Amino acid sequence: MYIAHVLVEHSSHALDRSFTYLSKKPVKAGVRVSIFFNHQRIVGYILNVEYTSKTKEELEIEYGFRLAYINELIDEEPILNEELLSLAKSLSKATVSPLISCLQVMLPGNLKPKSVKRVAIKTLKAIRVISDEKAKTSKQNECLEILRSKDFFLHDVPYSRALISKLEEQGLIEIYDQEILRTPEVENVDSSEVLLTDSQKKVVEGILATKEESISLIHGVTGSGKTEVYIDLTRHILEQGKNVIMLVPEISLTPMMVKIFKSRFGNQVAILHSRLSAGEKYDEYRRITRKEVRIVVGARSAIFAPLEDIGLIIMDEEHDSSYKQENTPRYATLQVAKMRARTHKCRIVLGSATPLVESYARAKAGFYHLFELPERINKKPLPHVDIVNMEEETKAGNYGYMSQLMKSRLQETIDRGEQAILLLNKRGYASFIKCTDCQEVVKCPHCDVTLTYHKNEDRLKCHYCDFSMSVPRECPSCHSTHLKKIGYGTQRIEEYIQSHIVNAKVMRFDYDTTRNKNSHTKLLKAFRNKEANILVGTQMIAKGLDFENVTFVGVLSADLTLTLPDYRASERTFQLLTQVAGRSGRGEKSGSVVIQTYNPDHYAIALAAKHDYAHFYEKEMAYRKLANYPPYCHLLAIVVQSRSDAVVKRAATEIKYHLVKSLNDAQIIGPSEAGIFKMKDTYRERILVKYKDAKPVYRILESLNDFYNKKQNGKVSMVCDFHPYTLI
DNA sequence: AGCACGCCGACT
DNA sequence: GTCGGCGTGCTC
Ligand SMILES: [Zn+2]
Ligand SMILES: [Zn+2]
């Protein structure tokens, strides 16, 4: 008899321990099993196994509870290797999240220990010769010879199905299902080898000269050729017989880097990115476990790729928010990268035009090696940026979306036959329903948010839960029938442009126009083919677009990200403006940028316009020091949740009390209501812990987690978010 | 997480 | 007298 200690699939702290199951046949640790758990058939993961000579009844008396048998084995082999299992355990501790949730994020959909519909593993009938004997007829022997020469799929053997059947009957061949790995199609891009500039060479040599396990930061302006540096580094590491993980931000388009690496390194590359279907992801994952690839390119979760002998981990655009996972387990990718780098004794390279000030500070302090690429490869200057003070614009009587300068620049661009990109910020452009009598907006009954109007479905929807309703006839609070639609999404801007710019052909790039899977690509292709001359979009267009005919970028309002109640507000504004400005003048023609703002003197805006990271860094560091934010401390956000607002307030106060009592040199802020207090019918209070020493923080969290997440039986719960990227 | 069980109010 | 809504406990 075998005793298996099994983790159940539910990601809950109360169930974050193993349950004992029995098996008469030997079972392996590390495989998934189907089990009955509290009247439900669910999936479990075997943590470890022991042999016993005792019977079920004896064990039940010993343990004091009834035991159940494992229902069925799902896998033949462990789904994770030793390194990744121990990584999952460390991650679970570091993020204070259930171990099973860590196993689940690390694996592709098909291999997750979770009961969901699995995508089909694609197979084809293949033929294998299993005997050296001769067949009966000469025709059969002829066929047999051909089959011996190489592997065939049933459908491309140049003989009839009947003849194959005869061979099978004679026991000479066998027909079996062979797993076919789908390889995602990636557009080929020019990746011909380029000679590195002297400064690029210096960076590559410099990084290769650093000692193993060290971290390097490449600060390179847009167009400084970081990509070539990554490629050259990768080449060197491959030559040393080691493998490479290349991480890129998660964006709705296939990132350029994916295309470049795939074109350059071909089938040595596996891609793990959200643009892949579940089937493709699984197949790419299998190619990694089968050691068929040496490079993995992918977004955040690619840091968990089962690659062995890792010699280098690269994080491109290291400042990007997608490197932080915003649900359980809430991990920071760099944190995981460091764990893997330690086991593989490999280097980490971070790259960005606008590094996080924390990263830059660490580099300046000597914790990371700092490499600067201050010049563009083509020696062309960065686009010229003008800032327009919208306050003066309003004083002059212009209340429209666009300043005079914006309009004239846009018109000039179009008159020259070139293209422009206009960036709208997300908030403020959604439409909603408002009562003109009592001024109330229609809100979600489950969340503290305004419902947004979706034109194509003619319904109001909540962005935070799945609530939706048809447009009401009367106001929910005063029953007046005078309801008005406010805002028109990006459509209103489109109309404005049409009426102010001659020959404007506008294309909108937003949630409405890019909802189905390939519509982005189609839309962008159309824009590249000059079917439109103005591309209007939300922040989605700031990332990764590369059109050589775009010579003008307009930012309608730089203030929306700036005024967010978040310690990164300035930094994100600086990053966004730098990034979107980089879309202008990427080809031969030089570009320009206009930024509209009510805060023209704010350092994030003024310095982004001058492409001056160094001074931005100084200003931002001064603010971080004054307000005590990273890198001057570490952050932990604790969100306390409950269905009852009274319970949540009381629990949050209690938790704060415990934190204050046991953390002497940490600063505890709050509790205060989370940005959206009620969400999905649960009320949320937030406590912010600013600490230097992590040890005592983990110690107190362990007991708080024990009490609030395991014993309190669902009334309240708390979620820990270490190193939060945003506090909203 | 999600099912069973039990308690209580509403409705045949 | 019975149906079902929700709060509570528990899962090998
Ligand atoms: Zn809602
Ligand atoms: Zn009203």
Side-chain angles (χ1 to χ4, degrees), chain A residues 1-74 88 92 95-107 109 112-118 327-330 445-446 465-466 639-648 650-651 678-684 705-720:
Chain A
M1 180 88 80
Y2 296 85
I3 303 173
H5 300 278
V6 177
L7 283 180
V8 296
E9 67 174 76
H10 305 307
S11 172
S12 127
H13 282 103
L15 298 176
D16 189 22
R17 61 186 181 90
S18 65
F19 288 81
T20 316
Y21 282 83
L22 300 175
S23 171
K24 285 176 183 153
K25 278 183 268 170
V27 286
K28 267 190 204 165
V31 301
R32 290 170 300 170
V33 286
S34 164
I35 47 172
F36 271 106
F37 182 71
N38 197 28
H39 316 277
Q40 298 151 72
R41 193 193 172 95
I42 62 162
V43 173
Y45 171 88
I46 302 185
L47 264 185
N48 43 59
V49 181
E50 53 185 306
Y51 175 79
T52 180
S53 53
K54 295 174 188 155
T55 64
K56 179 169 181 271
E57 288 68 30
E58 284 168 342
L59 289 166
E60 284 177 342
I61 290 165
E62 191 182 321
Y63 294 149
F65 50 75
R66 296 292 309 266
L67 289 169
Y69 284 101
I70 287 171
N71 231 297
E72 197 185 336
L73 295 177
I74 298 174
S92 158
T95 57
V96 191
S97 34
L99 179 54
I100 195 72
S101 71
C102 297
L103 298 174
Q104 286 166 353
V105 275
M106 291 172 72
L107 289 151
K112 284 189 206 297
K114 208 178 193 179
S115 24
V116 276
K117 43 182 188 328
R118 303 219 156 70
N327 34 39
T328 313
R330 296 169 173 262
H446 308 285
C465 67
D466 51 14
V639 177
V640 188
Q641 306 180 307
S642 172
R643 302 295 283 254
S644 138
D645 55 346
V647 170
V648 79
R650 195 173 52 228
K678 185 172 83 166
M679 193 186 282
K680 294 180 191 169
D681 290 318
T682 45
Y683 296 90
R684 299 133 13 109
N705 186 39
D706 261 7
F707 185 70
Y708 288 97
N709 285 339
K710 299 187 185 177
K711 302 213 172 81
Q712 279 270 29
N713 243 342
K715 271 211 147 105
V716 268
S717 64
M718 51 175 260
V719 176
C720 298

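For clarity, every value in this text was computed on a predicted model and none was experimentally measured. Chain letters run A, B, ... following the sequence lines, proteins first and then strands; every chain starts at 1. All heavy atoms count here, side chains included; hydrogens, waters and symmetry mates do not.
More than 12 heavy-atom neighbours from other residues, nucleotides or ligands sit within 6.0 angstrom of NZ on Lys710(A).
Distance Gln104(A) CD to dA1(B) P: 11 Å, rounded to the nearest Å. Regarding Asn71(A), its CG atom lies at a distance of 19 Å from the P atom of dT11(C), rounded to whole Å. As rounded to whole Å, 5 Å separates atom C1' of dA1(B) from atom NE2 of His10(A). The nearest whole Å value for the distance from the CZ atom in Phe36(A) to the C1' atom in dC10(C) is 17 Å. Ile70(A) places its CD1 atom 11 Å from the C1' atom of dC12(C), with the value rounded to the nearest Å. Atom CD1 of Ile42(A) is separated from atom P of dA1(B) by 13 Å (rounded to the nearest Å). Atom pair Phe37(A):CZ and dC10(C):C1' shows a separation of 8 Å (rounding to whole Å applied). Remark: C1' of dC12(C) and NZ of Lys54(A) are 16 Å apart, rounded to the nearest angstrom.
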- Test log, rule side-chain contact (heavy atoms from CB on, under 4.5 Å), inputs Met1(A) and Lys56(A): CA-CA 8 Å; Met1(A) 180 88 80; Lys56(A) 179 169 181 271; 4.1 Å; yes
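Checking dC12(C), dA4(B), dT11(C) against every side-chain atom of Tyr21(A), the shortest atom distance belongs to dC12(C). When the nucleotides dC12(C), dG2(B), dT11(C) are ranked by their closest atom to the side chain of Leu15(A), dT11(C) comes out on top. Comparing dC12(C), dA4(B), dA1(B) against the side chain of His39(A) picks out dA4(B) as the nearest. Each of dA1(B), dC3(B), dC12(C) was ranked by its minimum atom distance to the side chain of Gln40(A); first place goes to dC3(B).
Ring planes of Phe37(A) and His10(A): tilted class, angle from 30 to 60°.
Between the side chains of Glu9(A) and Ser115(A), a donor-acceptor pair is found at a separation under 3.5 Å. No side-chain donor-acceptor contact under 3.5 Å links Ser644(A) and Ser642(A).
Heavy atoms of Arg41(A) sit nowhere under 4.0 angstrom from any nucleic acid atom.
Two rings, from Tyr21(A) and Tyr69(A), have their centers 6.0 Å or more apart.
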Using nucleotides 4-9 of chain C, report all nitrogen or oxygen pairs with the protein that are shorter than 3.5 Å.
none

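The minimum heavy-atom distance linking Tyr683(A) with Val648(A) is given by the pair O-CG2, 3.5 Å.
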